[in-house]
Amino acid sequence: MLCFKAVVELIKMEFNHQSIEAKWRTQWVEKQTYKVSNDAQGKPKFYVLDMFPYPSGAGLHVGHPLGYIASDIYARYKRLEGFNVLHPMGFDAFGLPAEEYALQTGIHPAKSTNDNIKQYRAQLANLGFSFDWSREVVTCEPKYYKWTQWIFTQLYANYFDQASNKAESIASLEETFSKDGNATVKAANSYTEVFTAAQWNSMTALEKQDVLSHYRLAFRQVGYVNWCEALGTVLANDQVIDGVSERGGHPVEQKAMTQWYLRITAYADRLLYGLDNLEWSDALKAMQSNWIGRSEGASVFFDVEGSDEKVEVFTTRPDTIYGATYMVLAPEHDLVKKLCTADQKEAVEAYIKGVKSRTEIERMAEKQVSGAFIGAYAINPFTEKKMPIWIGEYVLAGYGTGAIMAVPSDDDRDHSFATKFGLDIIDVVDKSKYPNATNADKVGVMINSGPLNGLEVKEAITEACRQIESRNIGKAKVNYKMRDANFGRQRYWGEPFPVTYSADGIVSMLPKEALPLTLPDTTDFKPGGEGKSPLSRIASFAQLENGVTRETDTMPAVAGSSWYFLRYMDPHNEEAFASESALKYWQDVDLYVGGAEHAVSHLLYSRFWHKFLFDKGYVPTEEPFKKLINQGMIQGVIESIYLLREKKDGDYHFMCAKMIEKMGIEDAVPMPVHVSFVSDYGTAQSHLNIAGLKSFIKWRPIYGDAYFECDKGTLHKGRWIAKEDAEDSFLLTKSEVGKMSKRYYNVINPDEVIAEHGADVFRMYEMFLGPIEQSKPWDINSISGVSKFLKKYWTLFFSEEKFQLSDEDPTKEELKIFHGTVKKVRQDIERFSFNTCVSAFMECVNNLRKLNCNKRAILEPLNILLAPFAPFVTEEIWKELGHTDSVHISAYPQFEEKYLIEDSISYPICINGKKRALHDFPADTSKQDLEKQALALEVVKEWTEGKDIKKIIVVPNKMINIVVVG
RNA sequence: GCCCUGGUGGUGGAAUUGGUAGACACGCAGGACUUAAAAUCCUGUGACCUUUGGGUCGUGCGGGUUCAAGUCCCGCCCGGGGCACCA
């Protein structure tokens with residue numbers, strides 16, 4: 001009979017992840033294993049940051065942890081390397097979905113957000129992350145957004161001085177104005193007039209405010225929003241599909257509204273050149289730099305025939321001005337109304353109406369050119385010819401000046417426009433010397449261009465700018481594609497602006513002492529009238545004494561996420577967003593891991609805010625994120641079923657994807673279905689059986705009476721009408737790989753996977769899926785490989801069915817396996833290649849098992865090596881090994897090259913680059929001997945017989961290639 | 001449309017600097033153990049040809065550079081992400 005102890009040992013041999021994980025989760029919290037202090041204790045600092053999640057109602061999905069696991073492994077590795085590691089987590093908690101949810105259900109966004117956060121926290125805890133939760137930040141909490149509001153007031157109180165190339169206070173600008181006017185001021189601004197000190201001093205307060213707002217980094221101006229009259233609300237781009245509202249399919253138009261903006265363009269050059277010093281991927285840098293879109297060119301004013309108005313254009317090709325035969329204005333351009341002639345009015349208005357219903361993306365993606373002639377003519381200052389003025393949607397109001405001089409000979413879009421509308425095309429660049437050049441290459445020799453003739457394009461650009469300036473019709477200019485950031489949202493669930501307006505329109509910012517301005521409570525989240533936010537209907541908030549009103553727009557979600565990484569450094573500070581000492585100690589983020597979908601917006605805004613705070617002396621570094629890794633997306637499969645346009649006997653009619661294809665039906669509408677209804681999800685055979693169809697009907701009751709037809713039969717009103725005795729439906733769905741998102745009903749929750757396989761397996765499996773930076777669809781099928789690996793690993797520590805290790809000295813072979821693994825794992829962690837780390841562990845365990853290795857000298861350090869990847873099982877083993885402290889605060893093993901030296905090297909021997917043999921040579925064989933010995937081999941003789949040996953290439957430790965002719 | 005990115009066996013992927021293509025897994029096939037199944041273990045597994053020695057082809061497609069190309073260059077095709085109010 002087995003004694004009690006032996007039974008315990010036997011049970012232990014069966015590795016049970018559930019009890020182990022629960023135990024250590026609790027202990028880590030109790031012992032504050034991952035709590036980090038701002039006190040260095042002689043350790044160097046290291047800051048590992050994740051992009052914090054938006055707590056969506058769908059819960060954490062399998063895509064979220066990918067980056068978190070990678071950063072957690074790295075953070076744990078750095079900790080074991082002796083660094084003081086800051087590895088925090090928090091929640092980006094303001095946002096549209098919570099408000100939409102409130103509109104549908106009446107549940108307050110604060111409540112649903114809080115519930116979601118609770119769920120996220122629990123889910124994150126299951127994964128065994130080493131976050132210091134005492135530093136959690138939540139952007140919707142007043143103690144956090146107090147500082148978001150404060151930073152906004154600072155942006156308002158500053159302008160960008162181009163002479164010092166940094167932010168300076170508005171107070172100092174006012175001083176300059178009152179002494180010298182604005183002629184000497186070099187600042188990023190949108191004010192076009194020049195005034196003297198006397199003129200400034202005689203302005204009213206309101207006039208001064210207007211002038212200053214053209215300089216401030218936070219200012220108000222008119223911008224366009226997606227306005228849906230039928231819903232009475234402003235819509236996010238995301239809520240507009242094909243020009244109509246996602247909800248209800250109502251028309252959407254562009255409505256002009258005065259809103260808050262941030263002058264990010266002031267920092268364009270610094271944001272661009274700052275990229276050089278960052279350890280970011282070239283791809284990401286390219287994306288940011290393209291977004292900023294710096295281009296050098298000229299702004300040129302064109303006279304309009306019979307009018308005092310001038311049309312200003314920006315062009316990167318002033319050299320081609322002799323080829324400018326017409327002009328195109330954006331349909332929204334101010335001059336359109338003024339210059340449009342009576343006989344063209346009707347056509348122009350009809351055109352503008354059509355354009356208004358289209359989103360910017362649709363306009364840019366449009367292949368067909370379209371436009372309307374407004375009846376007016378500009379004069380080309382160089383050729384003095386008349387240029388008809390058109391409007392066209394390919395010219396965007398927000399880019400450049402919203403107007404172009406069209407050069408159909410050297411711009412592809414202008415060319416198709418001119419061809420379509422029969423406008424003049426004059427060749428001005430002879431590209432015959434460059435047969436493969438495109439227009440974008442900017443090469444060739446000028447022709448038909450008066451004094452520019454014969455010049456190369458590059459010289460001609462300089463010369464054209466010189467002439468434009470000397471004629472006083474324009475000047476050389478740098479233009480940016482990037483626009484100022486729209487910072488107002490007509491929504492409830494965001495940070496209120498700490499802004500009031502007096503009865504006569506004077507803007508005031510709340511002082512620091514009055515912050516935070518808390519979001520007023522309400523039960524009604526419907527928008528206010530005329531596109532205003534729900535706050536406008538809360539009188540106690542919006543209307544103050546003496547006719548003073550509050551700003552009722554709120555800030556966008558990007559506000560809170562633009563500086564959260566600084567708050568983690570000192571999250572409970574009530575006097576400042578973070579103390580000087582905390583900022584000085586932590587400096588900046590050493591490693592930032594997050595999705596590529598944030599590559600531009602979030603990362604650019606954060607850099608902008610950080611640079612501003614740096615200018616004002618609040619943060620010690622100019623850039624916030626030293627190194628950045630973009631994890632790829634774990635994609636979902638979007639499963640849809642086809643709804644035919646035509647009803648069948650008055651009922652909706654769904655049809656199998658295969659039949660749709662066979663019958664060549666083109667206008668059927670794919671409708672996403674919840675993936676939980678789909679059988680064989682994610683495969684070519686993904687389909688809905690009868691049970692799946694019934695779940696679908698329950699989920700979308702409106703289709704209760706629909707026909708669901710596939711080649712096995714039809715389901716109608718709960719009755720299955722079979723073809724050829726088929727017992728079940730096999731309605732094939734359309735499967736597309738795409739974002740895992742609540743809106744596609746394809747979110748896969750990690751909880752079940754963890755419950756079944758354990759967090760260690762889940763962590764290692766997500767890493768094993770592939771390179772961290774690559775996107776890949778979620779696939780659970782091969783998780784068993786990782787599960788088997790951990791079970792095998794566990795049993796390494798057992799001998800004679802007991803947890804026990806041998807204290808014998810390891811063999812040369814065992815040492816080689818171990819040190820080879822240490823080397824590989826260390827190198828691969830450093831290059832963020834975690835999938836190959838997992839492979840290396842698998843190989844190591846397979847090899848040690850073959851040798852029946854049970855030696856402490858190997859397995860104990862191996863356990864530390866694995867700890868960052870599988871924190872639970874390694875902690876349990878560590879305790880069983882007799883340690884009382886945590887494995888996660890031990891020291892990472894070093895490798896010693898001496899154990900890795902090979903006695904012989906296996907060389908592939910190639911003839912003309914093709915491998916013909918494999919042969920072992922002693923590792924110290926010289927190059928000459930390798931050549932000689934290789935040629936003497938039987939196989940080589942066979943292949944070289946009767947042929948000339950031209951050359952022998954020996955790459956030490958790699959290969960031998962013999963080149964033969966004949 | 002523009003910008004970024006990826007494409008390698010049946011599947012996920014490996015090959016870090018131009019140097020043995022397919023590591024490590026999954027799946028599949030065969031075998032061992034078992035009354036049986038599960039679990040576990042072992043063997044095989046890119047395709048085609050084969051006299052069983054081996055040979056030919058093969059990294060989305062078409063060209064090119066090189067002794068040598070998955071990797072570099074040119075031109076295409078297809079998937080994914082972003083395009084300023086989803087986060």
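Letters A, B, ... mirror the listed sequences (proteins, then strands); counts begin at 1.
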Along RNA chain B (nearest heavy atom to each residue), the more 5'-positioned of A:Q490 and A:P777: A:P777
Checking all strands, does [X] fall into the base, sugar-phosphate, or nothing category for heavy-atom contacts under 4.0 angstrom?
X	value
A:H602	nothing
A:F768	base
A:I953	base
A:Q259	base
A:N290	sugar-phosphate
A:W280	nothing
A:K481	base
A:V955	base
A:V838	nothing
A:E843	sugar-phosphate
A:D92	sugar-phosphate
A:L284	nothing

B:G53: syn or anti, per glycosidic angle within 90° of 0: syn
Other residues, nucleotides, ligands: >12 heavy atoms within 6.0 Å of A:K255 NZ: yes
Qualifying salt bridge (Lys or Arg N to Asp or Glu O under 4.0 Å) pairs with a residue from residues 56-69 of chain A, counting only residues at least two apart or across chains: none
Pairing string, 5' to 3', for RNA chain B - Watson-Crick or wobble contacts under 3.5 Å, brackets [ ] where pairs cross, | to another strand: (((((((..(((......[....)))((((((.......))))))((((....))))..(((((..]....))))))))))))....
Base B:C85 paired with A:Q239 side chain (donor-acceptor, <3.5 Å): no
From the list [options], which nucleotide is the closest neighbour of the side chain of [X]?
X	options	result
A:N846	B:C86, B:A25, B:C3	B:A25
A:W291	B:A25, B:C83, B:G55	B:C83
A:R413	B:C57, B:G1, B:C4	B:G1
A:K914	B:A87, B:G81, B:C57	B:C57
A:N237	B:G80, B:C4, B:C85	B:C85
A:A283	B:C85, B:G81, B:U5	B:U5
A:P908	B:C67, B:A84, B:U20	B:U20

Contacts under 3.5 Å, N or O only, protein and nucleotides 45-48 of chain B:
none

Close N or O pairs between protein and nucleotides 26-29 of chain B (under 3.5 Å):
residue	atom	partner	partner atom	Å
B:C26	OP1	A:K788	NZ	2.9

Expected rows: protein N/O vs nucleotides 14-16 of chain B N/O, under 3.5 Å:
residue	atom	partner	partner atom	Å
B:A14	OP1	A:N835	ND2	2.8
B:A15	OP1	A:R831	NH2	3.1
B:U16	O4	A:K824	NZ	3.4

Any donor-acceptor N/O pair, A:K776 side chain to A:P771 backbone, under 3.5 Å: yes
Pair A:T265, A:D484: side-chain N/O donor-acceptor within cut-off below 3.5 Å: yes
Donor-acceptor pair between A:E551 and A:W260 side chains, under 3.5 angstrom: yes
Rounded distance in Å between the [atom1] positions of [N] and [M]:
N	M	atom1	result
B:G60	B:G7	P	8 Å
B:G64	B:G12	C1'	33 Å
B:G58	B:G70	P	10 Å
B:U50	B:A23	P	26 Å
B:A68	B:U20	C1'	12 Å

Side-chain donor-acceptor pairs under 3.5 Å in residues 94-101 of chain A, sequence neighbours left out?
residue	atom	partner	partner atom	Å
A:E99	OE1	A:Y492	N	3.0
A:E99	OE1	A:W493	N	2.8
A:E99	OE2	A:Y492	N	3.0
A:E100	OE2	A:Q239	NE2	3.2
A:E100	OE2	A:R491	NH1	3.1
A:E100	OE2	A:R491	NH2	3.4

Would you please confirm or rule out a distance under 4.0 Å between OP1 or OP2 of [N] and any side-chain N or O of [X]?
X	N	answer
A:N630	B:C4	no
A:R916	B:G55	yes
A:K958	B:U17	no

